[in-house]
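Only heavy atoms go into these numbers, but all of them, side chains included; no hydrogens, no water, no symmetry mates. Note on naming: letters A, B, ... go to the chains in the order of the sequence lines (proteins, then strands), and numbering restarts at 1 for each one.
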2 protein chains.
Amino acid sequence: MAAPLPIPSPEPAPLPPTAWAVLGLLSFPGERTGYELKKWASSSLRHFYWSPAISQIYAELRRLEALGYATSRRSGPEEPRARRAYAITDAGRAALAAWAAGGHDAGPPVLKHPLLLRVWLGHLTEPARLRAMVSEHIAYTRGELAEVAGALEHAEGVEAWAHPQIALRWSARHLEAELELAEELLADLARLDGGPDVRADARPKASGAGPGHPGQPPDDAPTHG
Amino acid sequence: MAAPLPIPSPEPAPLPPTAWAVLGLLSFPGERTGYELKKWASSSLRHFYWSPAISQIYAELRRLEALGYATSRRSGPEEPRARRAYAITDAGRAALAAWAAGGHDAGPPVLKHPLLLRVWLGHLTEPARLRAMVSEHIAYTRGELAEVAGALEHAEGVEAWAHPQIALRWSARHLEAELELAEELLADLARLDGGPDVRADARPKASGAGPGHPGQPPDDAPTHG
DNA sequence: ATGGACATGTAATTTGTTACATGATTGC
DNA sequence: GCAATCATGTAACAAATTACATGTCCAT
(Lines give C-alpha, C1' and ligand atoms only; values in the text may rest on other atoms or scores of the structure.)
Protein backbone atom coordinates (compact mmCIF):
# COMPACT_ATOMS: atom_id res chain seq x y z
CA MET A 1 0.00 0.00 0.00
CA ALA A 2 1.02 3.58 -0.57
CA ALA A 3 2.41 5.56 2.34
CA PRO A 4 -0.45 7.26 4.19
CA LEU A 5 0.83 10.79 3.90
CA PRO A 6 4.39 11.82 3.24
CA ILE A 7 4.20 14.75 5.62
CA PRO A 8 6.92 17.18 4.62
CA SER A 9 7.94 18.15 8.13
CA PRO A 10 10.27 21.11 8.29
CA GLU A 11 12.73 19.83 10.87
CA PRO A 12 14.19 16.41 10.27
CA ALA A 13 12.67 13.61 12.30
CA PRO A 14 14.77 12.32 15.21
CA LEU A 15 15.82 8.96 13.92
CA PRO A 16 18.25 6.36 15.23
CA PRO A 17 21.64 6.33 13.52
CA THR A 18 20.67 3.13 11.79
CA ALA A 19 17.98 4.91 9.85
CA TRP A 20 20.47 7.55 8.74
CA ALA A 21 22.90 4.87 7.76
CA VAL A 22 20.31 3.22 5.56
CA LEU A 23 19.30 6.54 4.08
CA GLY A 24 22.99 7.23 3.56
CA LEU A 25 23.31 4.05 1.56
CA LEU A 26 20.55 5.43 -0.61
CA SER A 27 22.22 8.81 -0.97
CA PHE A 28 24.71 7.57 -3.53
CA PRO A 29 23.67 7.68 -7.17
CA GLY A 30 21.26 5.01 -8.28
CA GLU A 31 18.40 3.13 -6.73
CA ARG A 32 18.71 -0.15 -4.89
CA THR A 33 16.76 -2.89 -3.18
CA GLY A 34 16.88 -3.87 0.47
CA TYR A 35 18.77 -6.95 -0.49
CA GLU A 36 21.45 -4.95 -2.25
CA LEU A 37 21.68 -2.56 0.66
CA LYS A 38 22.31 -5.44 3.00
CA LYS A 39 25.15 -6.75 0.89
CA TRP A 40 26.71 -3.35 0.64
CA ALA A 41 26.41 -2.74 4.34
CA SER A 42 28.01 -6.10 5.06
CA SER A 43 30.96 -5.37 2.89
CA SER A 44 31.76 -1.85 3.86
CA LEU A 45 29.54 -0.06 6.34
CA ARG A 46 30.16 -2.94 8.68
CA HIS A 47 33.78 -2.00 9.23
CA PHE A 48 33.05 1.30 10.89
CA TYR A 49 29.39 1.13 11.68
CA TRP A 50 27.90 -2.40 11.82
CA SER A 51 25.48 -4.05 9.52
CA PRO A 52 21.84 -4.28 10.54
CA ALA A 53 19.84 -7.44 10.01
CA ILE A 54 18.13 -7.62 6.65
CA SER A 55 14.73 -7.55 8.30
CA GLN A 56 15.64 -4.30 9.94
CA ILE A 57 16.78 -2.81 6.71
CA TYR A 58 13.39 -3.54 5.21
CA ALA A 59 11.75 -1.99 8.24
CA GLU A 60 13.87 1.13 8.03
CA LEU A 61 13.14 1.46 4.33
CA ARG A 62 9.44 1.39 5.04
CA ARG A 63 9.84 4.00 7.71
CA LEU A 64 11.90 6.23 5.46
CA GLU A 65 9.29 5.97 2.80
CA ALA A 66 6.53 6.82 5.28
CA LEU A 67 8.50 9.91 6.24
CA GLY A 68 8.82 10.93 2.63
CA TYR A 69 12.59 10.50 2.71
CA ALA A 70 12.57 7.73 0.13
CA THR A 71 10.39 6.47 -2.66
CA SER A 72 10.04 2.96 -3.92
CA ARG A 73 9.26 1.52 -7.26
CA ARG A 74 8.10 -2.00 -7.84
CA SER A 75 9.79 -3.57 -10.80
CA GLY A 76 7.45 -3.73 -13.78
CA PRO A 77 6.81 -6.81 -15.88
CA GLU A 78 9.77 -5.99 -18.10
CA GLU A 79 12.17 -6.98 -15.35
CA PRO A 80 12.42 -10.64 -14.43
CA ARG A 81 12.26 -10.78 -10.65
CA ALA A 82 9.79 -8.93 -8.52
CA ARG A 83 11.80 -6.43 -6.56
CA ARG A 84 11.28 -3.11 -4.88
CA ALA A 85 13.94 -0.52 -5.54
CA TYR A 86 14.28 2.51 -3.30
CA ALA A 87 15.60 5.95 -4.06
CA ILE A 88 16.21 8.94 -1.86
CA THR A 89 13.97 12.00 -2.23
CA ASP A 90 14.97 15.65 -2.04
CA ALA A 91 13.45 15.85 1.42
CA GLY A 92 15.45 12.81 2.42
CA ARG A 93 18.65 14.25 1.08
CA ALA A 94 18.03 17.49 2.93
CA ALA A 95 17.26 15.73 6.21
CA LEU A 96 20.30 13.52 5.85
CA ALA A 97 22.54 16.48 5.09
CA ALA A 98 21.21 18.23 8.18
CA TRP A 99 21.94 15.18 10.29
CA ALA A 100 25.37 14.70 8.80
CA ALA A 101 26.28 18.30 9.60
CA GLY A 102 26.07 17.26 13.20
CA GLY A 103 23.37 19.40 14.68
CA HIS A 104 22.56 16.94 17.40
CA ASP A 105 25.76 15.04 17.96
CA ALA A 106 25.39 11.39 17.22
CA GLY A 107 27.48 10.38 20.17
CA PRO A 108 30.90 8.91 20.76
CA PRO A 109 32.13 5.74 19.13
CA VAL A 110 31.00 2.59 20.86
CA LEU A 111 33.14 -0.48 20.78
CA LYS A 112 31.96 -3.91 21.79
CA HIS A 113 34.99 -6.12 21.87
CA PRO A 114 34.18 -9.58 23.21
CA LEU A 115 37.81 -10.63 23.14
CA LEU A 116 38.80 -7.81 25.44
CA LEU A 117 35.95 -8.70 27.72
CA ARG A 118 37.53 -12.13 28.01
CA VAL A 119 40.98 -10.74 28.56
CA TRP A 120 39.57 -8.51 31.25
CA LEU A 121 38.21 -11.67 32.86
CA GLY A 122 41.55 -13.37 32.42
CA HIS A 123 41.79 -14.41 36.03
CA LEU A 124 39.21 -17.07 35.25
CA THR A 125 40.89 -18.55 32.21
CA GLU A 126 43.88 -20.70 31.57
CA PRO A 127 46.63 -18.43 30.29
CA ALA A 128 47.37 -20.58 27.25
CA ARG A 129 43.70 -20.61 26.31
CA LEU A 130 43.55 -16.87 26.55
CA ARG A 131 46.57 -16.40 24.35
CA ALA A 132 45.13 -18.83 21.82
CA MET A 133 42.00 -16.70 21.62
CA VAL A 134 44.07 -13.62 20.96
CA SER A 135 45.92 -15.44 18.19
CA GLU A 136 42.64 -16.51 16.67
CA HIS A 137 41.56 -12.92 16.74
CA ILE A 138 44.70 -11.87 14.92
CA ALA A 139 44.00 -14.38 12.18
CA TYR A 140 40.43 -13.19 11.94
CA THR A 141 41.50 -9.57 11.74
CA ARG A 142 43.91 -10.33 8.94
CA GLY A 143 40.98 -11.72 6.99
CA GLU A 144 39.00 -8.58 7.64
CA LEU A 145 41.85 -6.46 6.45
CA ALA A 146 42.02 -8.42 3.22
CA GLU A 147 38.32 -7.83 2.73
CA VAL A 148 38.61 -4.09 3.26
CA ALA A 149 41.52 -3.96 0.87
CA GLY A 150 39.27 -5.59 -1.69
CA ALA A 151 36.44 -3.14 -1.12
CA LEU A 152 38.92 -0.30 -1.32
CA GLU A 153 40.12 -1.38 -4.74
CA HIS A 154 36.54 -1.45 -5.83
CA ALA A 155 35.98 2.19 -4.83
CA GLU A 156 39.26 3.45 -6.20
CA GLY A 157 39.09 6.10 -8.82
CA VAL A 158 35.34 6.49 -8.90
CA GLU A 159 34.61 10.15 -8.34
CA ALA A 160 31.38 9.70 -6.41
CA TRP A 161 33.01 7.29 -3.97
CA ALA A 162 35.64 9.66 -2.67
CA HIS A 163 34.27 9.81 0.86
CA PRO A 164 33.36 6.16 1.18
CA GLN A 165 36.87 5.51 0.04
CA ILE A 166 38.28 7.63 2.82
CA ALA A 167 36.11 5.82 5.32
CA LEU A 168 37.36 2.52 4.00
CA ARG A 169 40.93 3.70 4.18
CA TRP A 170 40.31 4.60 7.79
CA SER A 171 38.93 1.10 8.34
CA ALA A 172 41.97 -0.51 6.83
CA ARG A 173 44.27 1.50 9.04
CA HIS A 174 42.08 0.74 11.98
CA LEU A 175 42.42 -2.96 11.34
CA GLU A 176 46.17 -2.62 11.02
CA ALA A 177 46.22 -0.88 14.37
CA GLU A 178 44.03 -3.63 15.78
CA LEU A 179 46.58 -6.17 14.64
CA GLU A 180 49.37 -4.33 16.36
CA LEU A 181 47.31 -3.89 19.49
CA ALA A 182 46.68 -7.61 19.57
CA GLU A 183 50.37 -8.37 19.29
CA GLU A 184 51.09 -6.07 22.19
CA LEU A 185 48.29 -7.68 24.11
CA LEU A 186 49.88 -11.04 23.54
CA ALA A 187 53.15 -9.65 24.85
CA ASP A 188 51.46 -8.27 27.94
CA LEU A 189 49.83 -11.61 28.62
CA ALA A 190 53.10 -13.44 28.15
CA ARG A 191 54.79 -11.08 30.57
CA LEU A 192 52.08 -11.79 33.10
CA ASP A 193 52.34 -15.54 32.65
CA GLY A 194 56.09 -15.43 32.96
CA GLY A 195 55.71 -14.16 36.49
CA PRO A 196 56.03 -10.69 37.93
CA ASP A 197 59.77 -10.61 37.36
CA VAL A 198 60.32 -10.21 33.66
CA ARG A 199 63.71 -11.36 32.54
CA ALA A 200 65.29 -8.92 30.11
CA ASP A 201 66.50 -11.82 28.00
CA ALA A 202 62.99 -13.17 27.60
CA ARG A 203 63.14 -12.87 23.83
CA PRO A 204 62.63 -9.35 22.45
CA LYS A 205 59.37 -10.60 20.97
CA ALA A 206 59.87 -10.09 17.28
CA SER A 207 56.54 -8.65 16.21
CA GLY A 208 56.49 -10.84 13.14
CA ALA A 209 54.23 -13.82 12.72
CA GLY A 210 54.09 -15.94 15.81
CA PRO A 211 54.56 -19.66 15.63
CA GLY A 212 52.16 -21.16 13.14
CA HIS A 213 48.80 -19.71 13.90
CA PRO A 214 46.22 -21.28 11.66
CA GLY A 215 45.36 -19.93 8.27
CA GLN A 216 43.27 -16.94 7.59
CA PRO A 217 39.63 -16.83 8.60
CA PRO A 218 36.58 -16.87 6.39
CA ASP A 219 36.89 -14.05 3.96
CA ASP A 220 33.30 -13.94 2.96
CA ALA A 221 31.11 -16.11 5.13
CA PRO A 222 31.09 -14.34 8.49
CA THR A 223 31.43 -17.42 10.65
CA HIS A 224 30.20 -15.37 13.47
CA GLY A 225 28.83 -12.25 11.89
CA MET B 1 10.97 -11.68 47.35
CA ALA B 2 13.43 -14.50 47.22
CA ALA B 3 14.25 -15.99 43.85
CA PRO B 4 11.73 -18.72 43.02
CA LEU B 5 14.19 -21.55 42.60
CA PRO B 6 17.87 -21.19 41.87
CA ILE B 7 17.90 -24.13 39.50
CA PRO B 8 21.47 -25.36 39.32
CA SER B 9 21.47 -26.20 35.64
CA PRO B 10 24.52 -28.13 34.54
CA GLU B 11 25.34 -26.29 31.34
CA PRO B 12 25.64 -22.53 31.58
CA ALA B 13 22.60 -20.60 30.40
CA PRO B 14 22.95 -18.89 27.03
CA LEU B 15 23.11 -15.28 28.07
CA PRO B 16 23.82 -12.09 26.17
CA PRO B 17 27.34 -10.72 26.56
CA THR B 18 25.95 -7.95 28.74
CA ALA B 19 24.94 -10.45 31.37
CA TRP B 20 28.43 -11.93 31.36
CA ALA B 21 29.91 -8.50 31.60
CA VAL B 22 27.84 -7.74 34.68
CA LEU B 23 28.67 -11.08 36.20
CA GLY B 24 32.29 -10.36 35.36
CA LEU B 25 32.13 -7.15 37.31
CA LEU B 26 30.98 -9.26 40.22
CA SER B 27 33.75 -11.80 39.76
CA PHE B 28 36.33 -9.57 41.38
CA PRO B 29 36.73 -9.78 45.15
CA GLY B 30 34.05 -8.05 47.16
CA GLU B 31 30.36 -7.41 46.85
CA ARG B 32 28.82 -4.41 45.20
CA THR B 33 25.55 -2.67 44.44
CA GLY B 34 24.04 -1.99 41.05
CA TYR B 35 24.91 1.63 41.46
CA GLU B 36 28.56 0.85 42.06
CA LEU B 37 28.62 -1.51 39.14
CA LYS B 38 27.31 1.22 36.89
CA LYS B 39 30.02 3.61 37.95
CA TRP B 40 32.70 1.03 37.46
CA ALA B 41 31.37 0.07 34.06
CA SER B 42 31.33 3.71 33.03
CA SER B 43 34.89 4.25 33.99
CA SER B 44 36.53 1.17 32.60
CA LEU B 45 34.38 -1.46 30.95
CA ARG B 46 33.04 1.27 28.72
CA HIS B 47 36.35 1.65 26.90
CA PHE B 48 36.34 -1.79 25.38
CA TYR B 49 32.82 -2.98 25.94
CA TRP B 50 30.23 -0.25 26.52
CA SER B 51 28.34 0.60 29.62
CA PRO B 52 24.73 -0.57 29.94
CA ALA B 53 22.04 1.70 31.32
CA ILE B 54 21.64 1.49 35.07
CA SER B 55 18.16 0.08 34.71
CA GLN B 56 19.56 -2.71 32.63
CA ILE B 57 22.21 -3.48 35.19
CA TYR B 58 19.52 -3.89 37.80
CA ALA B 59 17.60 -6.14 35.45
CA GLU B 60 20.65 -8.27 34.72
CA LEU B 61 21.40 -8.57 38.41
CA ARG B 62 17.91 -9.88 39.02
CA ARG B 63 18.31 -12.35 36.21
CA LEU B 64 21.67 -13.53 37.47
CA GLU B 65 20.22 -14.03 40.91
CA ALA B 66 17.27 -15.98 39.50
CA LEU B 67 19.76 -18.23 37.72
CA GLY B 68 21.65 -18.80 40.93
CA TYR B 69 24.75 -17.07 39.57
CA ALA B 70 24.62 -14.32 42.15
CA THR B 71 23.23 -13.70 45.60
CA SER B 72 22.11 -10.47 47.11
CA ARG B 73 22.05 -9.15 50.59
CA ARG B 74 19.97 -6.25 51.74
CA SER B 75 21.86 -3.95 54.01
CA GLY B 76 20.81 -4.43 57.61
CA PRO B 77 19.86 -1.64 59.99
CA GLU B 78 23.50 -1.17 60.94
CA GLU B 79 24.26 0.41 57.58
CA PRO B 80 22.83 3.84 56.85
CA ARG B 81 21.29 3.66 53.41
CA ALA B 82 19.12 0.87 52.16
CA ARG B 83 21.13 -0.89 49.50
CA ARG B 84 21.32 -4.28 47.93
CA ALA B 85 24.77 -5.70 47.47
CA TYR B 86 25.39 -8.56 45.09
CA ALA B 87 28.05 -11.25 45.13
CA ILE B 88 28.89 -13.99 42.67
CA THR B 89 28.18 -17.61 43.61
CA ASP B 90 30.30 -20.65 42.86
CA ALA B 91 27.86 -21.64 40.13
CA GLY B 92 28.16 -18.16 38.71
CA ARG B 93 31.90 -18.27 38.74
CA ALA B 94 31.89 -21.65 37.04
CA ALA B 95 29.47 -20.50 34.35
CA LEU B 96 31.43 -17.34 33.76
CA ALA B 97 34.70 -19.24 33.50
CA ALA B 98 33.10 -21.57 30.96
CA TRP B 99 31.92 -18.62 28.93
CA ALA B 100 35.24 -16.85 29.14
CA ALA B 101 37.03 -19.90 27.86
CA GLY B 102 35.22 -19.28 24.62
CA GLY B 103 33.14 -22.35 24.05
CA HIS B 104 30.57 -20.55 21.96
CA ASP B 105 32.46 -17.69 20.43
CA ALA B 106 31.11 -14.32 21.43
CA GLY B 107 31.56 -12.88 17.99
CA PRO B 108 33.79 -10.31 16.37
CA PRO B 109 34.27 -6.81 17.69
CA VAL B 110 31.57 -4.39 16.67
CA LEU B 111 32.35 -0.76 16.21
CA LYS B 112 29.74 1.95 15.90
CA HIS B 113 31.55 5.09 14.92
CA PRO B 114 29.13 7.94 14.18
CA LEU B 115 31.92 10.22 13.07
CA LEU B 116 32.99 7.80 10.39
CA LEU B 117 29.41 7.46 9.31
CA ARG B 118 29.45 11.19 8.71
CA VAL B 119 32.74 11.12 6.92
CA TRP B 120 31.40 8.36 4.73
CA LEU B 121 28.52 10.70 3.91
CA GLY B 122 30.95 13.52 3.30
CA HIS B 123 29.54 14.35 -0.10
CA LEU B 124 26.60 15.95 1.71
CA THR B 125 28.59 18.11 4.08
CA GLU B 126 30.63 21.24 3.77
CA PRO B 127 34.28 20.20 3.87
CA ALA B 128 35.20 22.66 6.61
CA ARG B 129 32.33 21.44 8.78
CA LEU B 130 33.47 17.88 8.33
CA ARG B 131 37.01 18.67 9.31
CA ALA B 132 35.76 20.57 12.35
CA MET B 133 33.88 17.48 13.46
CA VAL B 134 37.01 15.39 13.15
CA SER B 135 38.91 17.94 15.24
CA GLU B 136 36.22 17.85 17.86
CA HIS B 137 36.55 14.11 17.91
CA ILE B 138 40.27 14.41 18.48
CA ALA B 139 39.69 16.65 21.46
CA TYR B 140 37.11 14.26 22.82
CA THR B 141 39.43 11.31 22.39
CA ARG B 142 42.20 13.07 24.25
CA GLY B 143 39.83 13.45 27.16
CA GLU B 144 39.02 9.77 27.01
CA LEU B 145 42.67 8.90 27.01
CA ALA B 146 43.22 10.99 30.11
CA GLU B 147 40.41 9.15 31.80
CA VAL B 148 41.82 5.76 30.96
CA ALA B 149 45.22 6.84 32.18
CA GLY B 150 43.57 7.71 35.46
CA ALA B 151 41.80 4.38 35.73
CA LEU B 152 45.04 2.65 34.90
CA GLU B 153 46.88 4.31 37.75
CA HIS B 154 44.10 3.16 39.99
CA ALA B 155 44.60 -0.48 39.02
CA GLU B 156 48.36 -0.36 39.09
CA GLY B 157 50.07 -2.70 41.43
CA VAL B 158 46.98 -4.43 42.76
CA GLU B 159 47.51 -8.12 42.27
CA ALA B 160 43.87 -9.01 41.61
CA TRP B 161 43.57 -6.35 38.91
CA ALA B 162 46.25 -7.69 36.63
CA HIS B 163 43.91 -8.58 33.80
CA PRO B 164 41.69 -5.52 34.04
CA GLN B 165 44.90 -3.57 33.93
CA ILE B 166 45.94 -5.25 30.72
CA ALA B 167 42.54 -4.51 29.22
CA LEU B 168 42.88 -0.89 30.25
CA ARG B 169 46.35 -0.73 28.77
CA TRP B 170 44.87 -2.02 25.54
CA SER B 171 42.22 0.68 25.73
CA ALA B 172 44.81 3.39 26.21
CA ARG B 173 46.76 2.19 23.22
CA HIS B 174 43.57 1.92 21.26
CA LEU B 175 42.75 5.54 22.00
CA GLU B 176 46.23 6.58 20.98
CA ALA B 177 45.75 4.75 17.71
CA GLU B 178 42.38 6.42 17.34
CA LEU B 179 44.06 9.78 17.69
CA GLU B 180 46.55 8.96 14.99
CA LEU B 181 43.83 7.60 12.74
CA ALA B 182 41.93 10.82 13.14
CA GLU B 183 44.95 12.89 12.18
CA GLU B 184 45.39 10.82 9.07
CA LEU B 185 41.72 11.17 8.35
CA LEU B 186 42.09 14.91 8.56
CA ALA B 187 44.96 14.74 6.12
CA ASP B 188 42.93 12.62 3.71
CA LEU B 189 40.09 15.10 3.85
CA ALA B 190 42.42 18.02 3.31
CA ARG B 191 43.91 16.26 0.31
CA LEU B 192 40.43 15.79 -1.09
CA ASP B 193 39.46 19.42 -0.50
CA GLY B 194 42.67 20.72 -1.95
CA GLY B 195 41.91 18.99 -5.18
CA PRO B 196 43.47 15.87 -6.60
CA ASP B 197 46.90 17.53 -6.85
CA VAL B 198 48.40 17.80 -3.40
CA ARG B 199 51.00 20.47 -2.95
CA ALA B 200 54.02 19.19 -1.00
CA ASP B 201 54.27 22.50 0.82
CA ALA B 202 50.78 22.20 2.24
CA ARG B 203 51.99 22.43 5.85
CA PRO B 204 53.49 19.30 7.39
CA LYS B 205 50.55 19.13 9.77
CA ALA B 206 52.11 19.39 13.21
CA SER B 207 50.34 16.73 15.20
CA GLY B 208 50.26 18.88 18.31
CA ALA B 209 47.12 20.13 19.99
CA GLY B 210 44.74 21.88 17.72
CA PRO B 211 43.45 25.33 18.50
CA GLY B 212 41.62 25.50 21.79
CA HIS B 213 39.41 22.48 21.84
CA PRO B 214 37.05 22.52 24.76
CA GLY B 215 37.61 20.53 27.89
CA GLN B 216 37.16 16.85 28.32
CA PRO B 217 33.78 15.22 27.91
CA PRO B 218 31.34 14.26 30.63
CA ASP B 219 32.94 11.66 32.80
CA ASP B 220 29.78 10.44 34.36
CA ALA B 221 26.68 11.92 32.83
CA PRO B 222 26.69 10.35 29.38
CA THR B 223 25.59 13.41 27.46
CA HIS B 224 25.25 11.18 24.54
CA GLY B 225 25.92 7.72 25.84
C1' DA C 1 15.69 23.84 53.76
C1' DT C 2 17.52 22.85 49.56
C1' DG C 3 20.06 20.72 46.18
C1' DG C 4 22.94 17.04 44.94
C1' DA C 5 24.70 12.55 45.17
C1' DC C 6 23.16 7.96 46.60
C1' DA C 7 20.13 4.15 45.59
C1' DT C 8 16.54 1.21 43.59
C1' DG C 9 13.31 0.19 40.85
C1' DT C 10 8.90 0.16 37.26
C1' DA C 11 6.70 1.11 32.83
C1' DA C 12 6.55 2.24 28.24
C1' DT C 13 8.76 2.20 24.23
C1' DT C 14 12.15 1.41 20.74
C1' DT C 15 15.51 -1.22 18.61
C1' DG C 16 17.21 -5.12 16.85
C1' DT C 17 17.55 -10.22 16.27
C1' DT C 18 16.18 -14.93 14.91
C1' DA C 19 13.21 -18.00 12.94
C1' DC C 20 10.03 -18.77 9.68
C1' DA C 21 7.25 -18.57 5.24
C1' DT C 22 7.13 -17.83 0.49
C1' DG C 23 8.22 -17.77 -4.08
C1' DA C 24 10.93 -16.68 -8.51
C1' DT C 25 15.10 -17.38 -11.27
C1' DT C 26 19.59 -19.21 -12.59
C1' DG C 27 23.00 -22.63 -13.37
C1' DC C 28 24.20 -27.30 -13.31
C1' DG D 1 14.98 -31.72 -11.35
C1' DC D 2 17.66 -29.52 -7.67
C1' DA D 3 20.36 -26.45 -5.16
C1' DA D 4 21.82 -21.89 -4.64
C1' DT D 5 20.94 -17.29 -4.88
C1' DC D 6 17.70 -13.63 -5.27
C1' DA D 7 14.11 -11.26 -2.92
C1' DT D 8 10.63 -9.82 0.44
C1' DG D 9 8.46 -10.00 4.21
C1' DT D 10 6.01 -11.45 9.07
C1' DA D 11 5.98 -12.84 13.82
C1' DA D 12 7.87 -13.61 18.07
C1' DC D 13 11.04 -12.31 20.99
C1' DA D 14 15.06 -10.26 23.30
C1' DA D 15 17.75 -6.41 24.44
C1' DA D 16 18.22 -1.87 25.79
C1' DT D 17 16.86 2.83 26.43
C1' DT D 18 14.19 6.69 28.37
C1' DA D 19 11.24 8.58 31.45
C1' DC D 20 9.33 8.34 35.63
C1' DA D 21 8.58 7.46 40.74
C1' DT D 22 10.42 7.24 45.19
C1' DG D 23 13.04 7.94 49.03
C1' DT D 24 17.57 8.68 51.97
C1' DC D 25 21.54 11.03 53.41
C1' DC D 26 24.89 14.80 53.37
C1' DA D 27 26.68 19.32 52.95
C1' DT D 28 25.83 24.12 52.67
Worksheet item: Where do Y69(B) and I88(B) land on the side-chain contact (heavy atoms from CB on, under 4.5 Å) test, with the steps shown first?
Response: CA-CA 6 Å; Y69(B) 291 173; I88(B) 195 169; 5.8 Å; no

For [N], take OP1 and OP2 only and decide whether either is under 4.0 Å from a side-chain N or O of [X].
{"X": "K38(B)", "N": "dA5(C)", "result": "no"}
{"X": "W50(B)", "N": "dA15(D)", "result": "no"}
{"X": "T18(B)", "N": "dA16(D)", "result": "yes"}

What is the distance from [atom1] of [X] to [atom2] of [N], rounded to the nearest Å?
{"X": "L37(B)", "N": "dC6(C)", "atom1": "CG", "atom2": "C1'", "value": "15 Å"}
{"X": "Y49(A)", "N": "dT15(C)", "atom1": "OH", "atom2": "P", "value": "12 Å"}
{"X": "R63(A)", "N": "dT13(C)", "atom1": "CZ", "atom2": "P", "value": "16 Å"}
{"X": "Q56(B)", "N": "dT10(C)", "atom1": "CD", "atom2": "C1'", "value": "15 Å"}
{"X": "E36(B)", "N": "dA7(C)", "atom1": "CD", "atom2": "P", "value": "6 Å"}
{"X": "E60(B)", "N": "dT8(C)", "atom1": "CD", "atom2": "P", "value": "16 Å"}
{"X": "Y35(B)", "N": "dA7(C)", "atom1": "OH", "atom2": "P", "value": "7 Å"}
{"X": "R32(B)", "N": "dT8(C)", "atom1": "CZ", "atom2": "P", "value": "13 Å"}

- Closest contact, heavy atoms only, P52(B) versus K38(B):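 Answer, listing the atom of P52(B) first, then K38(B): O-NZ, 2.9 Å.
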
Are R46(A) and E144(A) within salt-bridge range, i.e. N to O under 4.0 Å?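 The answer is yes: the pair qualifies as a salt bridge.
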
- Are the charged groups of E60(A) and R63(A) less than 4.0 angstrom apart, N to O?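 A salt bridge links E60(A) with R63(A).
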
Discussion item. Side chains of E180(B) and R173(A), heavy atoms from C-beta outward: is any pair under 4.5 Å?
Written reply: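 With C-beta onward as the side chain, the pair stays apart.
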
Notebook entry, point to check: Mind checking whether H163(B) and W120(A) have side chains closer than 4.5 Å, heavy atoms only?
Noted result: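 Side chain of H163(B) against side chain of W120(A), heavy atoms only: no contact under 4.5 Å found.
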
As a test of reading the structure: which of dT8(D), dA15(D), dT8(C) is closest to the side chain of R83(A), going by heavy atoms?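 Looking only at side-chain atoms, R83(A) lies closest to dT8(D).
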
- From CZ (R32(A)) to CZ (R83(A)), nearest 0.5 Å: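 Between R32(A) CZ and R83(A) CZ, I get 11.0 Å after rounding to 0.5 Å.
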
Earlier contact from the 5' end, DNA chain C, for T33(B) and P16(A)
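Checking each residue's closest nucleotide, the 5'-ward one belongs to T33(B).
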
* To do: Take the C1' atoms of the five end pairs on each side of the helix from dA1(C)-dT28(D) to dC28(C)-dG1(D), derive the two axes, and give their angle rounded to 10 degrees.
  =>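 Comparing the first five pairs with the last five, the axes sit 30° apart.
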
| Relative to the ring of H123(B), is the ring of F28(A) parallel (under 30°), tilted (30 to 60°) or perpendicular (over 60°)? |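 Correct class here is tilted.
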
Can you tabulate the close N/O pairs, meaning under 3.5 Å, that link protein atoms to atoms of nucleotides 9-11 of chain D?
none

Using ring centroids (six-membered ring only for Trp), state whether W161(B) and W40(B) fall under 6.0 Å.
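W40(B) vs W161(B): aromatic centres under 6.0 Å.
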
